[in-house]
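All remarks here apply to the structure that follows.
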Amino acid sequence: MPELPEVETVRAGLEPHVLGRRISSAQVYRDRAVRRQDGGPEAFAALLAGRTIGQVVRRGKFCWLTLTGPDGVPEDYALLVHLGMSGQMLVKTSDAGTEGHPHLRVRLQLEEGTQLWFVDQRTFGYLSVEDLVPTVDHGPGGFAGQDVAAALVPLAVAHIGRDLLDPALAPGTGARRELNRRLRAGRRGIKRALLDQSLISGIGNIYADEALWRTKVHYDQPTDRMSAARIEAVLEAAIEVLAEALAAGGTSFDALYVNIEGVSGYFARSLNVYGREGLPCKRCGTPILREKFMNRSSHFCPVCQRRR
DNA sequence: ACTGCGTCCTGGGGGC
DNA sequence: TGCCCCCAGGACGCAG
């Protein structure tokens, strides 16, 4: 469930706790949590020990911490964090014990007391120390927290498209027109396109359903049969709903998504269609339907959102 | 090249 | 009470 607003809430929350702090050690409690790591858990811990944390950057649902070596020189690698379905980054004081926390996967000990916990029940999330490389599209490296001129991203992020809240994607820019064109280019439904993180990043299942409800578009509407203006409306609605959710601290249905202090966001109460199967559409009163699509649930109003 | 499906994983909840 | 199946879904790998 962590999509852009949830990941950004975590990123912004982490920033003041980790900027300029030195990592003294890292403990991996579940190898799967570092499954992408070249060299495994040992390499993971060795690459982090003694490094100082620089910027905390996010692009879409990916977040990473840049690192500086013991000699003060920036490393050409970064600590990547992906929360997956149920990942959490929690800031703890140094005396917090790890007993009785069955889902604690990785712990970072920072100097001067703080601990960072990566907790993840469903283990779809991961941490890894990865080389920084140029992005495929040479767009800005990250949206939040990074000097845009740097434009370097961890390897796993190289093919990830621009962040939906990236200022470079403002209406009327060349990047925005290019995105609109690429969205309409393929033969596929609009929701599939919105969820394709290599085109545009940050949208997940919940906010895709919400943006499509707001613009009265069916989730499987073929994009090549949509006008540029219609695509623009969907993008604007997506940006709107992401910004509103971010202001509310994200969407939480249960304790699986929380901020760095373990507190839930409150956007769930503002959802218009996601999770409302059988309840009346807030526009026309028709019961909301839920259909299986792409191995997940799509919620929509069968009257407001017709395929054309 | 592009599209779309299966897989990974855990715990909660409903039905019988 | 216990068991089984379904459900949540981000991103990747691979088949067609």
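From a predicted model like this one, the values you see are computed outputs, not experimental measurements. By convention in this document, chain letters (A, B, ...) are assigned in the order of the sequence lines, proteins followed by strands, and residues within each chain are numbered from 1.
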Reckon [X] has a side-chain N or O less than 4.0 Å from the OP1 or OP2 of [N]?
X: A/K292; N: C/dA8; result: yes
X: A/H82; N: C/dG10; result: no
X: A/H103; N: B/dG11; result: yes
X: A/R35; N: B/dT7; result: no
X: A/S86; N: B/dC9; result: no
X: A/R296; N: B/dT7; result: no

Nearest-Å distance for atom pair [atom1]/[atom2], residues [X] and [N]:
X: A/Y207; N: C/dG10; atom1: OH; atom2: P; result: 11 Å
X: A/R32; N: C/dA11; atom1: CZ; atom2: P; result: 14 Å
X: A/N205; N: C/dA11; atom1: CG; atom2: C1'; result: 14 Å
X: A/D120; N: B/dC9; atom1: CG; atom2: P; result: 12 Å
X: A/F62; N: C/dG10; atom1: CZ; atom2: P; result: 12 Å
X: A/M294; N: C/dC12; atom1: CE; atom2: C1'; result: 13 Å
X: A/Q121; N: B/dG13; atom1: CD; atom2: P; result: 11 Å
X: A/H159; N: B/dC2; atom1: NE2; atom2: P; result: 15 Å

Exercise for review: Measure distances between side-chain N and O atoms of A/R122 and base N and O atoms of C/dA8, and say whether any donor-acceptor pair falls under 3.5 Å.
Suggested key: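 Indeed, a donor on one side and an acceptor on the other fall under 3.5 Å apart.
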Salt bridge or not between [X] and [Y]? Use side-chain N to carboxylate O under 4.0 Å.
X: A/D196; Y: A/R188; value: yes
X: A/R176; Y: A/E236; value: yes
X: A/R214; Y: A/E240; value: yes

Review point. Going by the angle between their ring planes, with limits at 30° and 60°, are A/H101 and A/W117 parallel, tilted or perpendicular?
Key: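 If you compare the ring of A/H101 with that of A/W117, the planes turn out perpendicular.
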Review point. Quick check: does any side chain N or O of A/Q88 sit under 3.5 Å from a backbone N or O of A/D120, one acting as donor and the other as acceptor?
Key: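 Flag not set: sc A/Q88 to bb A/D120 has no pair under 3.5 Å.
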[X], nearest nucleotide to its side chain (from [options]):
X: A/R188; options: C/dA11, B/dT10, B/dG4; result: B/dG4
X: A/R192; options: C/dA8, B/dG4, C/dG10; result: B/dG4
X: A/R290; options: C/dC7, B/dC8, B/dC5; result: C/dC7

Review point. Which residue, A/N295 or A/G186, contacts DNA chain B at a nucleotide closer to its 5' end, judged by nearest heavy atom?
Key: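 So the residue in question is A/G186.
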